[in-house]
2 protein chains.
Amino acid sequence: MPTILDVARKANVSAMTVSRVINGSGPVNEETRRRVEQAMKELDYYPNSNARSLVKKETRLLSLLITDITNPFYTTLARGAEDAAKRLGYRLIFCNSDEDPAKEKEYIEMLLSTQVDGVLFAPSGDDSLKNLRLLRKQGIPFVLIDREVPNLECDKVLGDSMLGAHKLMEHLIENGHRRIACITGPKHISTARDRLQGYLATLKLHDLEIDPSMIIETEYTLGSHQEVMQKLLELQTLPTAIFAANNFVALGAIKELRKHGWKVPEDISVVCFDDLDLLQDLDPFLTVAKQPSYDFGVFGVQMLVERILGTATSNFRTIVLPPEIIIRRSSRNINAALE
Amino acid sequence: MPTILDVARKANVSAMTVSRVINGSGPVNEETRRRVEQAMKELDYYPNSNARSLVKKETRLLSLLITDITNPFYTTLARGAEDAAKRLGYRLIFCNSDEDPAKEKEYIEMLLSTQVDGVLFAPSGDDSLKNLRLLRKQGIPFVLIDREVPNLECDKVLGDSMLGAHKLMEHLIENGHRRIACITGPKHISTARDRLQGYLATLKLHDLEIDPSMIIETEYTLGSHQEVMQKLLELQTLPTAIFAANNFVALGAIKELRKHGWKVPEDISVVCFDDLDLLQDLDPFLTVAKQPSYDFGVFGVQMLVERILGTATSNFRTIVLPPEIIIRRSSRNINAALE
DNA sequence: GTGAAAGCGCTAACAA
DNA sequence: TTGTTAGCGCTTTCAC
């Protein structure tokens with residue numbers, strides 16, 4: 001591949017002049033500029049960004065670290081991040097931690113070597129603290145998205161898990177449900193804690209009994225939630241509704257319910273956090289707390305770039321993007337006659 | 001951030017020795033190695049891969065260029081590519097062309113500057129040829145995935161669109177369908193052409209009439225396919241089944257059918273290419289030709305890396321991964337009584 | 001087993 | 001408006 005020197009020779013100028021043409025970083029005679037541009041085109045020259053990064057000490061590379069690339073919440077977020085990064089002149093490296101802090105650490109080390117300018121970070125859980133400290137120690141700016149980590153001051157773009165859970169619960173209670181099970185995510189993930197918190201708080205608010213056997217913890221990932229549902233279905237008194245902590249958990253629950261011959265919503269109502277856009281097209285079915293996932297990505301990248309450029313206030317900021325409750329067929333009024 | 005020289009000073013050796021420790025690229029005394037490793041740890045040293053790339057003329061970076069990051073076919077493919085890349089010691093940059101050759105070109109130019117070692121390339125269409133030629137001119141190895149481009153010899157990992165379409169059509173015909181509509185993708189995408197071809201060939205095979213008004217072209221993306229369906233629903237004689245060229249097209253079709261009060265499969269059957277894993281959990285519904293998307297990514301990266309390392313045969317290779325037909329509820333026997 | 005010198009492709013800083 | 005020099009952090013080459 002041709003270098004800046006090849007271009008310089010061909011245009012009969014110095015490398016410095018070519019550099020100025022490429023970057024618009026100094027005065028260049030119109031006629032000279034034309035010659036240089038001509039030479040670049042003829043040689044199919046593309047500047048080597050490694051070399052540039054080495055001297056400029058910036059790569060214009062950001063990283064988006066998410067925990068599950070198959071979850072539509074994160075892919076839509078990724079779209080938002082990508083669009084914003086492009087608009088601001090940054091490239092984006094995607095990393096997928098698979099909800100695993102060890103894999104997350106490997107990626108962080110890779111990113112440190114890559115010299116990314118900043119990281120948009122969806123932590124796999126509270127254990128991510130070590131990894132985040134590593135970034136901070138090296139002076140790499142980061143913005144937390146979707147989940148937060150205790151004992152860490154930093155920029156954040158979060159949803160409102162408490163509020164969303166509360167609204168979903170209010171909806172169920174309004175519709176006559178009194179025995180509501182909660183299938184929550186891992187305790188080491190902040191959104192799981194907050195959603196459980198919202199569940200509990202709303203029950204208390206209505207003086208409803210809190211039955212620990214109705215609260216079951218599972219993974220956030222798609223896959224078999226068999227044992228979890230087994231536990232639930234073995235209860236003496238069965239719930240009339242399920243509040244699931246995210247979209248994949250809800251899918252897993254419904255799948256298991258089906259296996260056991262339960263119909264949603266006839267036999268049991270189901271509501272959850274996060275929408276599934278695809279599904280909504282096929283059959284508007286699940287009642288959900290939909291989060292503006294695309295905006296998570298956009299705001300995240302904007303905050304990150306402001307932090308990198310130093311145009312942000314020195315204080316850390318938190319942006320909260322509230323969910324929207326969408327009521328569909330999966331939740332029904334328990335007193336209404338079945339159609 | 002500390003450099004190799006900082007480590008060298010701390011360990012009382014030269015930079016060269018540190019380099020040898022990092023890369024295992026030469027003999028180092030056990031005791032010296034320990035001192036160097038100690039120093040690296042104490043300084044939180046991570047080698048600058050830009051500097052390394054500059055001299056080694058390899059970045060160990062691959063790019064995965066796909067056309068739609070929200071399509072589960074591609075996200076699963078991405079997982080496969082990511083896992084394989086990691087295993088082989090490569091980093092992966094995701095790019096999303098959005099089915100747009102212009103955006104695709106911008107990304108290619110960016111990748112040229114980034115000095116990626118190779119590109120896993122799902123072309124936006126036949127117009128990608130220019131972009132691919134650019135890569136070839138610069139000597140960057142690439143592997144085409146999912147779609148091919150006419151007049152270009154290169155490594156490829158493809159599905160078998162003809163076969164999948166044929167099998168889906170056979171399934172419909174076996175179940176008594178005679179008037180089958182085809183909602184196909186853009187003509188400039190190879191898979192759309194092949195699927196249409198499979199549709200036509202199977203009709204001919206069974207001496208069934210080919211009615212051009214039953215063949216409608218639309219986009220591969222999720223979104224409203226209103227006008228397309230409008231055309232279909234205005235036909236004199238209506239089809240009893242629809243063959244949709246991909247998952248998103250099928251979703252769009254079903255959505256529109258619903259709007260017009262048509263039920264699937266009671267009023268009309270629908271089959272399509274590519275599965276939707278999420279959906280399958282909620283309600284095993286769509287009859288599909290499922291492609292092994294994860295393997296597309298794995299094989300693609302493997303081929304690419306072999307090409308980069310020069311361990312591949314000099315001849316270009318094509319891997320074909322056939323689809324699997326999964327029959328579900330969206331297609332029914334037209335003569336069977338409704339339940 | 002270890003180090004010194006040179007250079008990868010580019011740009012900052014200064015000089016002309 | 002243009003060019004020269006030096007150096008970013010690393011590895012290759014060759015010498016010891």
Side-chain angles (χ1 to χ4, degrees), chain A residues 1-37 39-40 43-61 109-117 138-140, chain B residues 1-37 39-40 43-61 109-117 138-140:
Chain A
M1 291 180 79
T3 74
I4 201 169
L5 238 119
D6 297 322
V7 177
R9 273 193 283 268
K10 180 148 196 143
N12 258 307
V13 293
S14 74
M16 210 36 236
T17 302
V18 179
S19 172
R20 282 194 265 259
V21 170
I22 296 168
N23 299 293
S25 57
V28 178
N29 181 318
E30 239 346 281
E31 152 64 10
T32 316
R33 149 168 285 113
R34 246 192 300 279
R35 272 210 328 277
V36 170
E37 276 163 355
M40 292 201 292
L43 290 172
D44 282 307
Y45 168 75
Y46 295 90
N48 182 325
S49 55
N50 287 317
R52 171 186 285 162
S53 299
L54 195 56
V55 22
K56 299 200 80 161
K57 288 166 182 312
E58 66 160 34
T59 53
R60 297 230 136 214
L61 264 174
E109 291 175 343
M110 182 271 268
L111 294 171
L112 252 20
S113 273
T114 308
Q115 314 279 111
V116 292
D117 291 345
Q138 302 284 333
I140 312 292
Chain B
M1 292 179 79
T3 74
I4 201 169
L5 238 120
D6 297 322
V7 177
R9 274 193 283 267
K10 182 150 196 140
N12 258 306
V13 293
S14 74
M16 215 28 244
T17 302
V18 179
S19 173
R20 281 195 264 261
V21 171
I22 296 168
N23 299 293
S25 58
V28 178
N29 181 319
E30 238 347 280
E31 151 64 10
T32 317
R33 150 169 285 114
R34 247 192 298 278
R35 274 211 326 278
V36 169
E37 276 164 356
M40 292 202 291
L43 289 172
D44 281 307
Y45 169 75
Y46 294 90
N48 182 325
S49 54
N50 287 317
R52 171 186 286 165
S53 300
L54 195 56
V55 21
K56 299 199 78 160
K57 289 168 183 310
E58 67 159 35
T59 53
R60 297 229 134 215
L61 265 173
E109 291 175 344
M110 182 270 268
L111 294 172
L112 252 19
S113 274
T114 308
Q115 314 278 114
V116 293
D117 290 344
Q138 303 285 332
I140 312 291

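Below, chains carry the letters A, B, ... as their sequence lines are ordered, and counting in each starts from 1. Only this structure's heavy atoms are used, side chains among them; waters, hydrogens and symmetry mates stay out.
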(message) Rounded at 0.5 Å granularity, tell me how far CG in A:L43 sits from OG1 in A:T3.
(response) 9.0 Å
(message) From OH of B:Y46 over to C1' of D:dC10, roughly how many Å is that when rounded to an integer?
(response) 18 Å
(message) In whole Å, I'd like the distance from the CG atom of B:N12 to the C1' atom of C:dG3.
(response) 13 Å
(request) Identify whether any heavy atom of A:S53 sits under 4.0 Å from a base atom; if not, whether one sits that close to sugar-phosphate; answer base, sugar-phosphate or nothing. (result) nothing
(message) I'd like to compare against my own output: the B/S/- annotation of nucleotides 11-16 of chain C with a strict under-4.0 Å heavy-atom distance to protein.
(response) SBB---
(message) With a 4.0 Å cut-off on N to O distance, would you call A:R33 and A:E30 a salt bridge?
(response) yes
(message) Please pick, from C:dT2, D:dT1, C:dC10, the nucleotide with the shortest atom-to-atom distance to any side-chain atom of A:T3.
(response) C:dC10
(request) Specify the separation, in whole Å, of atom CE of B:M40 and atom C1' of D:dG9. (result) 15 Å
(request) Calculate the interatomic distance between A:N50 atom CG and C:dC10 atom C1'; express it in whole Å. (result) 11 Å
(request) Using atom types as modelled and distance alone, determine if a side-chain donor or acceptor of A:T114 lies under 3.5 Å from a backbone N or O of A:V116. (result) no
(message) What's the separation between atom CZ in B:R35 and atom CG in B:N29, rounded to the nearest 0.5 Å?
(response) 8.5 Å
(message) Strictly below 4.0 Å: does B:S14 bring a side-chain N or O up to OP1 or OP2 of C:dA4?
(response) no
(message) Are the side chains of B:I4 and B:I22 in contact, using a 4.5 Å heavy-atom criterion?
(response) yes
(request) Measure from CD on A:E30 to P on D:dT1 and round the result to the nearest Å. (result) 10 Å
(request) Take the protein atom CD of B:E58 and the nucleotide atom P of D:dT11, then report the distance between them rounded to whole Å. (result) 11 Å
(message) On DNA chain C, compare the nucleotides closest to A:P2 and B:V13; which residue's is nearer the 5' end?
(response) B:V13
(request) Quickly work out the B:M1 CE to D:dC8 P distance and round it to whole Å. (result) 16 Å
(message) Counting only side-chain nitrogens and oxygens, does B:S49 get under 4.0 Å of the OP1 or OP2 atom of D:dC10?
(response) no
(message) Does a side-chain N or O of A:K57 approach OP1 or OP2 of D:dG9 to a distance below 4.0 Å, or not?
(response) yes
(message) Could you tell me how far apart A:R35 (CZ) and D:dT2 (P) are, to the nearest whole angstrom?
(response) 8 Å
(message) Quick check on C:dG3: is either OP1 or OP2 less than 4.0 Å from any side-chain nitrogen or oxygen of B:T17?
(response) yes
(request) Could you pull out the closest heavy-atom pair between B:Q138 and A:P2, with the gap in Å? (result) OE1-CD, 4.3 Å
(request) List the steps and the verdict of side-chain contact (heavy atoms from CB on, under 4.5 Å) for A:V13 and A:V21. (result) CA-CA 11 Å; A:V13 293; A:V21 170; over 6 Å; no
(message) Checking contacts here: which listed nucleotide (C:dG1, C:dA4, C:dC8) is nearest the side-chain heavy atoms of B:L54?
(response) C:dC8
